[in-house]
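First up is the structure itself, then whatever we jot down about it.
Worth saying up front: this structure is predicted, and the values here are computed from it rather than measured. Just so you know, ligand 1 is whichever comes first in the structure, and atom 1 is the first atom listed for that ligand.
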Amino acid sequence: VAFEWAMNRFDDCLSNHKLCKPPETTPLPTRILDLSGDDFIKLYVTKSENERYACLSHSWGGIVPCQTLKENCDKHQERINISDLPATFRDVVGYVRRLGIRFLWIDSLCIVQDDINDWRRECIKMYSVYRNAALTIAATKSRDSRAGLFTAAEKQFMGQRVGDIDVTFNEGRTDECTEKCDLFLRQTLYETHDAFHRHIPGEQDNLPLLGRGWVFQERLLSPRVLHFGSQELIWECAESSFCECQDVSDSASTLKKEHSEEIPSEKWWQELVNDYSALNLTFPSDRLPALSGIAKEYYKHRPSDRYIAGMWESSIYKDMLWRVKERNRNEKLIEWRAPSWSWVSVDSIISYETNGFFGEGERLCEILSIESTTVDGDPTSGLKSASMIISGCFTTSVIQHIPPTDGSEWWSCHLTTDGRSVECFLDHHLHLPGPNNIPNGTTVYCFPLCHNFNGTYSLVLLPSNSDEDIFERVGLLVEYGVQRDKSFCIIGGDKRVIEIR
Ligand SMILES: [Zn+2]
Ligand SMILES: [Zn+2]
């Protein structure tokens, strides 16, 4: 029954959905699994043939699934025994064959895992791998590749016949008739639905895949996703979202559907980053690469814009208005990953101050130039360095860490100038002893970015020890509801040109 349900969704999408219309030709990825053998599959190095294929979206879950390495790459091109595959892969192979699709892409088998150059090359193409797939099978309830794809529905969720009931059809009409019908009862499926909606990090306990960083773009880029949940199947495409129990239906606004429907805008990007920053990455250094595919998608809508460290040049002064809530704050990273003005430089859940109605307001800074060097020439994958030259006004202030008073462990922070004190949001734990400690009484600088009816928004900066004109961001100061001339920061005073790294 479940297979038929999924097949109907698939057919309906392919033949009736305008938004999901597949492109005329979709070339196969560099390598793909050919499922046409009987008790084996094999790795096939493609010649860009146009064929239909499926993708697997799965969580590695800290264990290494069956993988292609330099040493077994040739062997895998001859044969991979089905019996050697972990349960999830085995189930997917069977399911995809049943759908009548010959080719399947699984990251751990189709990318040579111990070849960093292959990984980089294929990572850049990941965007088109998911974009061009006919269907993405998501092992959504599976923590790792051993868990398998399917679940036996628990008894309380299966309908139990409890009796019969008289049902009247066509009431009031001439062909009115009453029939005895069977009455079934079952418990409501409660756990799977919320997790498909937006802004609900941490609600994915039963659906661990939805909490994974890499899966975010796999899900948003794939034209069609069939989720294998812990209690039911869930279908997602650009035009519809359905689950078997019908609690997720077309009227529900799931993350995927919202992103498919909206025309990418500044706000769209910032909300997407909000959602994405809550997800887990096995390697936190993947924070930029795991979003690379979506950045490429956005590029299509703004070909003349420039992507720098998870932000866009045309809106960069607003893209810098992210903050970290106390409870989400982490230690400063040891290795450089991104400039301090980018959210990529922290390992925390961030939130954008521009959510809700923001308005243009008045810009209080001028960005003169932004320089960046990339790891491999692709601005969406990794960075080697980046800095910004910016002109604006400065206010000096003194930092004061405030210990928690409510029994929590979250420290807050105040800035003080001339006896006035305001709260600021720090990007990292800076009160802890160690190399990143900023002791109470240290002088910091406030650099206003913009002012609107919500208030004034300023970067909190610290000079980097090497040079007086080079600074790094340590936090964001938001003065809610303050009038321009009552701001804590001097607005319209002497201008200064600085570099922020
Ligand atoms: Zn569709
Ligand atoms: Zn449901």
Under the criterion ring-ring contact (aromatic ring centres under 6.0 Å, His included), I'd like the reasoning laid out for Phe242 against Trp5: C-alpha separation, chi angles, the key distance, then a yes or no. CA-CA 10 Å; Phe242 278 109; Trp5 180 89; 7.3 Å; no
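- A salt bridge between Arg102 and Glu51 is absent, with no side-chain N of the basic residue lying under 4.0 Å from a carboxylate O of the acidic one.
- By the 4.0 Å N-to-carboxylate-O rule, Asp378 lies too far from Arg121 to be salt-bridged with it.
- Note on the Zn ion (ligand 1): protein N, O or S atoms under 2.8 Å away count 4, no waters included.
- Between Glu297 and Lys300, at least one side-chain nitrogen of the basic residue sits less than 4.0 Å from a carboxylate oxygen of the acidic one, meeting the salt-bridge criterion.
- The aromatic rings of Tyr95 and Phe228 stand perpendicular to each other, their planes meeting at an angle above 60°, with 30° marking the opposite boundary.
- Nearest N/O/S atom of Glu232 relative to the Zn ion (ligand 2): this is OE2.
- Counting heavy atoms from C-beta outward, Ile41 and Phe89 have side chains that stay 4.5 Å or more apart.
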